[in-house]
Undergrad: 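Here you go, one structure.
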Amino acid sequence: MDQEGSFTMEDLQCPACCEVFEIPVTLSCNHSFCKTCVQTHWGRMGTRQCPLCRRTERSSRPPINLRLKLATDVFKKKPEQFMAKSVERCSRHNEQLKLFCRKDAELICITCTSSRSHKNHEYCPIAEAASDIMKELINRYNPLKKQLTTVEKLKESLVELETYIQKQAAETAAEVKQEYEKLHKILREEETARLIVLENERKSKTAVVREKLEEVNKSIKELSDITIYIDPIIIADDLTFLKEILQAVVSPDIGNDSQECKEAIKRTSYTAHETEYPKKALIDVLQYLGSLKHGVWKRMERDVHFSSVNFDPNTAHPNFFIKDELTTISYGKKQQLPDNPERCTSRMSVLAANGFESGKQRWDVEVAYSKEWYIGVARESIKRKTTVFINPKEGFWVISNNEESYWAQTSPRTRLTLKAPPQVITVELDYDKGKVSFSDAADGGSIYTFKCKFNERIFPYFATGIKEGSTLKICAF
């Protein structure tokens, strides 16, 4: 380092590796080395000695030389600033600038100290001034550098977040299409079933009508034959007609003409088969179109279930997998998810998407497939990134199970005695009365009741153990 306190190229080279410093540290003997170089030297020698003067170093973690580090950073960006420079001289006295006037913030020479313009001013060597200003600069620089690091990390997180949003949207869209395809399938099945019944009715009623048509066609033919036979007889003149009729009546076996009259009389006594117009022959349109949408809805009601509470995937621990329309969580291999503020990372937990600020709420949780679980409610403001005790003071009203040992998470926690391990637990929240009750859904037997006073939004809370496949499910009504 020269007299003005500036660093030269030689000052920026580590004596051990002869390269520009990487994290320079200064020993108590004032010799500086790369942090890695000195640690490697000590590890090889088995003792903490300066590689140059062999003086024993007291600290195993020598301090970083911030001035040297800053100069090194500047050199890496602008190496031309460290080229050899000519001696700067005072413009008034042509002497080398060696001092710094603190009052005027100006470089001066020795003669300037006795001149009128700098007389009685406070001044010091350039190196000392540079050191003081450097310290102030570093004090301001370090927070900015930390801030830069923080902002760069935030940028990286935001880029990852943007990528994840695209992925999340695509996956959600695929699941939406899948669920709608299930609904479309129900509609197609219902449509097909109705059309089949309609077609069967069309065929059966068409068959009845055709049978009637056959009967009517037969009667028409028989009646037509009679009229064709009788027409020539009834158009004869009256004398001939009566003589033939009388002869047919008196002597039915005499003469061909009489035979024709006799046959005509016989045929006119024909009684046609009486075919009735079919009753309820038309399609029962009401069966197919009457309240069609309601009928389809009732069919869908058998296949589609509703849950008043759903898991919020944006609050779920990265080890949780959520499925079945956000009603089932399972523990599994950790996923790469954004560490957004809402996400619970301190515990293997998740909140529901539904929050409550008044009224009564109820939901059932299937716990049969998780040997360890925590269920209940929690305040919206709970700490999600740092570990806290699960009790009402920290904003949790929860019961738990650990290998068939049941507890109410009070402070201290309360052991619960149950008749049998519950398969499904009913959670009831009465926000206005400040009650959270737990019961066995199988027989309604009470398990535990918390009494408190809520003053912010409350969310259903769920957590499992860390065993592969541990599952909690919100039951549909």
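Heads up: numbering here begins at 1 and tracks the sequence. Here the structure is a predicted model, which is why all the values come from computation and not from measurement.
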Undergrad: Are the charged groups of Glu191 and Arg194 less than 4.0 angstrom apart, N to O?
TA: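 Between Arg194 and Glu191 there is no salt bridge, as every charged N stays at least 4.0 Å from the carboxylate O atoms.
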Undergrad: Name the orientation class of the two ring planes belonging to His184 and Tyr180 (parallel below 30°, tilted from 30 to 60°, perpendicular beyond 60°).
TA: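 Taking Tyr180 first and then His184, their aromatic rings sit tilted (interplane angle of 30° to 60°).
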Undergrad: Please check if the side chain of Trp42 supplies one atom and the backbone of Gln49 the other of a donor-acceptor pair under 3.5 Å.
TA: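 Yes, Trp42 side chain to Gln49 backbone: donor-acceptor pair under 3.5 Å.
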Undergrad: What is the minimum heavy-atom distance between Ala378 and Leu351, and which atoms define it?
TA: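 Heavy atoms of Ala378 and Leu351 come nearest at CB-CD2, 4.4 Å.
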Undergrad: Could you tell me whether the side chain of Asn354 and the main chain of Ser308 form a donor-acceptor pair under 3.5 Å?
TA: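 A pair under 3.5 Å: yes.
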Undergrad: Stepwise, does the side chain to side chain donor-acceptor pair (under 3.5 Å) test hold for Thr315 with Glu342?
TA: CA-CA 5 Å; Thr315 68; Glu342 304 86 2; over 6 Å; no
Undergrad: Can you find a pair of side-chain heavy atoms, one from Thr426 and one from Asp440, that are under 4.5 Å apart?
TA: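 No - every pair of side-chain heavy atoms lies 4.5 Å or more apart.
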Undergrad: As an exercise, state the distance from OG of Ser437 to NZ of Lys360, rounded to the nearest 0.5 Å.
TA: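 Interatomic distance, Ser437 OG to Lys360 NZ, rounded to 0.5 Å: 10.0 Å.
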Undergrad: May I ask you to decide if the ring planes of Tyr431 and Phe454 are parallel, tilted or perpendicular, using 30° and 60° as cut-offs?
TA: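 Tyr431 and Phe454: tilted rings.
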Undergrad: For Ala408, is there any backbone N or O sitting under 3.5 Å from a side-chain donor or acceptor partner on Arg413?
TA: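 Looks like no, no N/O pair under 3.5 Å.
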Undergrad: Just verifying a value: how many Å separate Lys451 NZ and Lys433 NZ, rounded to the nearest 0.5 Å?
TA: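 Output value for this atom pair is 10.5 Å.
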Undergrad: Evaluate the criterion side chain to side chain donor-acceptor pair (under 3.5 Å) for residue pair Tyr164 and Gln336; output intermediate values, then yes/no.
TA: CA-CA 9 Å; Tyr164 180 76; Gln336 289 289 69; over 6 Å; no
Undergrad: So, does Ser470 use its side chain to make a donor-acceptor pair with the main chain of Lys467 at under 3.5 Å?
TA: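 Checking the backbone N and O of Lys467 against the side chain of Ser470, a donor-acceptor pair under 3.5 Å is found.
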Undergrad: Given the side-chain rings of Tyr374 and Tyr461, with only the six-membered ring counted for Trp, is the space between their centroids under 6.0 Å?
TA: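 Judged by ring-centre distance (under 6.0 Å), Tyr374 and Tyr461 do not meet the cut-off.
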Undergrad: Take Leu292 and Trp297 through the test side chain to side chain contact (heavy atoms under 4.5 Å, CB included) and record every step on the way to the result.
TA: CA-CA 9 Å; Leu292 184 148; Trp297 172 69; over 6 Å; no
Undergrad: Any donor and acceptor pair, going by atom type alone, linking the side chain of Asn65 with main-chain N or O of Thr26 inside 3.5 Å?
TA: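 A pair under 3.5 Å: no.
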Undergrad: Between Asp73 and Lys145, is there a side-chain N and carboxylate O pair less than 4.0 Å apart?
TA: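 Judged by the 4.0 Å cut-off on N to carboxylate O distance, Asp73 and Lys145 do form a salt bridge.
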Undergrad: What residues, two or more places apart in sequence or in another chain, satisfy salt bridge (charged side-chain N to carboxylate O under 4.0 Å, His left out) together with Arg48?
TA: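 Not a single residue meets the salt bridge (charged side-chain N to carboxylate O under 4.0 Å, His left out) criterion with Arg48.
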Undergrad: Looking only at heavy atoms, which two atoms of Cys34 and Cys17 are closest? And how far apart?
TA: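 Distance-wise, the nearest heavy atoms are SG-SG, 4.0 Å.
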Undergrad: Any salt bridge linking Arg202 with Glu199? Criterion: basic side-chain nitrogen under 4.0 Å from a carboxylate oxygen.
TA: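 A salt bridge links Arg202 with Glu199.
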Undergrad: How many angstroms lie between atom NZ of Lys473 and atom OH of Tyr369, to the nearest 0.5 angstrom?
TA: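 Atom-to-atom, Lys473:NZ and Tyr369:OH are 9.0 Å apart.
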Undergrad: Answer whether the closest heavy-atom distance between the side chains of Arg457 and Ser381 falls below 4.5 Å.
TA: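 Arg457 does not reach Ser381 side chain to side chain.
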Undergrad: Donor-acceptor pair, distance only, cut-off 3.5 Å: does the side chain of Asn401 make one with the backbone of Lys371?
TA: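 Yes, the answer is positive, given that a donor and an acceptor are paired below the 3.5 Å cut-off.
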Undergrad: Would you please test Val197 and Gln287 for side chain to side chain contact (heavy atoms under 4.5 Å, CB included) and show each step?
TA: CA-CA 10 Å; Val197 175; Gln287 178 182 357; 3.6 Å; yes
Undergrad: Taking only Lys NZ, Arg NE, NH1 and NH2, and the carboxylate oxygens of Asp or Glu, determine whether Asp364 and Arg362 approach each other closer than 4.0 Å.
TA: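 A salt bridge links Asp364 with Arg362.
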Undergrad: Do side-chain atoms of Asp132 reach the backbone of Lys135 as a donor and acceptor pair under 3.5 angstrom?
TA: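 Side chain of Asp132 to backbone of Lys135: no pair is present.
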Undergrad: What are the two closest non-hydrogen atoms of Val25 and Pro62, and how far apart are they?
TA: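 Shortest heavy-atom separation between Val25 and Pro62 comes out as CG1-O, 3.7 Å.
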Undergrad: Please identify each residue that fulfils salt bridge (charged side-chain N to carboxylate O under 4.0 Å, His left out) with Glu325, with sequence neighbours left out.
TA: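 Listed in chain order: nothing, the list is empty.
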Undergrad: So how far is it from Ile399 CD1 to Trp407 CH2, rounded to the nearest 0.5 Å?
TA: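 Going from CD1 on Ile399 over to CH2 on Trp407, the span is 13.5 Å.
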Undergrad: Counting only heavy atoms not in Glu179, do more than 12 fall under 6.0 Å of its CD?
TA: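 Check passes, neighbour count above 12.
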Undergrad: Looking at side-chain heavy atoms only, is the closest gap between Asn391 and Thr410 below 4.5 Å?
TA: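 No; the side chains remain at least 4.5 Å from each other.
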Undergrad: Any ion pair linking Glu22 and Lys76 (charged N to carboxylate O, less than 4.0 Å)?
TA: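 Salt bridge present between Lys76 and Glu22.
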Undergrad: Hey, does the side chain of Lys334 reach the backbone of Phe320 with a donor-acceptor pair shorter than 3.5 angstrom?
TA: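 Side chain of Lys334 to backbone of Phe320: no pair is present.
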Undergrad: If you take all heavy atoms of Pro392 and Arg379, which pair is closest and at what distance?
TA: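 It is O-NH1, 4.0 Å.
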Undergrad: Determine, for Asp339 against Lys385, whether the closest basic-nitrogen to carboxylate-oxygen distance falls under 4.0 angstrom.
TA: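 Looking at Asp339 and Lys385, the cut-off is met.
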Undergrad: So, do Glu57 and Cys50 sit near enough that their side-chain heavy atoms are less than 4.5 Å apart?
TA: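 SC-SC contact between Glu57 and Cys50 ruled out.
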Undergrad: Any Lys/Arg nitrogen of Glu175 or Lys323 sitting under 4.0 Å from an Asp/Glu carboxylate oxygen of the other?
TA: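 No, no charged N to carboxylate O under 4.0 Å.
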Undergrad: Would a distance-only check, ignoring hydrogens and angles, find a side-chain to backbone donor-acceptor pair under 3.5 Å from Lys205 to Leu282?
TA: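 Confirmed, Lys205 side chain pairs with Leu282 backbone.
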Undergrad: Begin from the C-alpha positions of Ile425 and Ile375 and carry the test side chain to side chain contact (heavy atoms under 4.5 Å, CB included) through to its verdict.
TA: CA-CA 9 Å; Ile425 293 179; Ile375 61 172; 3.8 Å; yes
Undergrad: Can you find a pair of side-chain heavy atoms, one from Pro460 and one from Phe311, that are under 4.5 Å apart?
TA: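 Contact flag for Pro460/Phe311 side chains = no.
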Undergrad: Strictly below 4.0 Å, N to O, side chains only: are Arg188 and Glu181 in salt-bridge contact?
TA: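 Salt bridge flag = yes for Glu181 with Arg188.
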Undergrad: When you look at NZ of Lys212, are more than 12 heavy atoms from neighbouring residues, nucleotides or ligands closer to it than 6.0 Å?
TA: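 Enclosed: over 12 neighbouring heavy atoms sit under 6.0 Å from NZ of Lys212.
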Undergrad: Can a salt bridge be assigned to the pair Lys419 and Asp443 using a cut-off of 4.0 Å between side-chain N and carboxylate O?
TA: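 No.
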Undergrad: Just by modelled atom types, is the Asn402 backbone N or O under 3.5 Å from a matching donor or acceptor in the Ser405 side chain?
TA: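 Not at all, since once roles are kept as given, no pair shorter than 3.5 Å links the two residues.
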Undergrad: Applying side chain to side chain contact (heavy atoms under 4.5 Å, CB included), run through Val424 and Val365 and close with a yes or a no.
TA: CA-CA 5 Å; Val424 178; Val365 186; 5.9 Å; no
Undergrad: Count the heavy atoms belonging to other residues, nucleotides or ligands that lie under 6.0 Å from CD of Glu276, then report whether that count exceeds 12.
TA: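 No, the 6.0 Å shell around CD holds no more than 12 heavy atoms from other groups.
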Undergrad: Is Gln147 atom CD crowded by more than 12 heavy atoms from other residues, nucleotides or ligands, each under 6.0 Å away?
TA: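 12 or below, so no.
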Undergrad: Within the supplied structure, the quantity of interest is the number of heavy atoms (other residues, nucleotides, ligands) at a distance under 6.0 Å from Glu211 CD; does it exceed 12?
TA: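 Incorrect, the count does not exceed 12.
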Undergrad: Is it true that atom CD1 of Ile466 has more than 12 heavy atoms of other residues, nucleotides or ligands lying nearer than 6.0 Å?
TA: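 Not buried by this count: 12 neighbours or fewer within 6.0 Å.
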Undergrad: Glu128 and Arg102: salt bridge (Lys or Arg N to Asp or Glu O under 4.0 Å), yes or no, with the steps?
TA: CA-CA 11 Å; Glu128 183 179 333; Arg102 294 186 183 276; 3.5 Å; yes
Undergrad: Roughly how far, to the nearest 0.5 Å, is the SG atom of Cys37 from the CD1 atom of Ile23?
TA: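 With rounding to 0.5 Å, CD1 (Ile23) is 11.0 Å from SG (Cys37).
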Undergrad: Assess whether a salt bridge exists between Glu136 and Arg140, defined as any Lys/Arg side-chain N lying under 4.0 Å from an Asp/Glu carboxylate O.
TA: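 Yes.
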Undergrad: Can you check whether Val208 reaches Ser204 side chain to side chain, under 4.5 Å on heavy atoms?
TA: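 Counting from C-beta outward, Val208 and Ser204 never come under 4.5 Å.
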Undergrad: Do you know which two heavy atoms are closest between Thr464 and Ile329, and how far apart they sit?
TA: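 The answer is CG2-CD1, 4.2 Å.
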Undergrad: Could you label the plane-to-plane angle of the Phe438 and Phe450 rings as parallel, tilted or perpendicular, counting under 30° as parallel and over 60° as perpendicular?
TA: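 Correct class here is perpendicular.
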Undergrad: Which heavy atom of Ile322 sits nearest to which heavy atom of Pro313, and what is that distance?
TA: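 The answer is CD1-CA, 3.6 Å.
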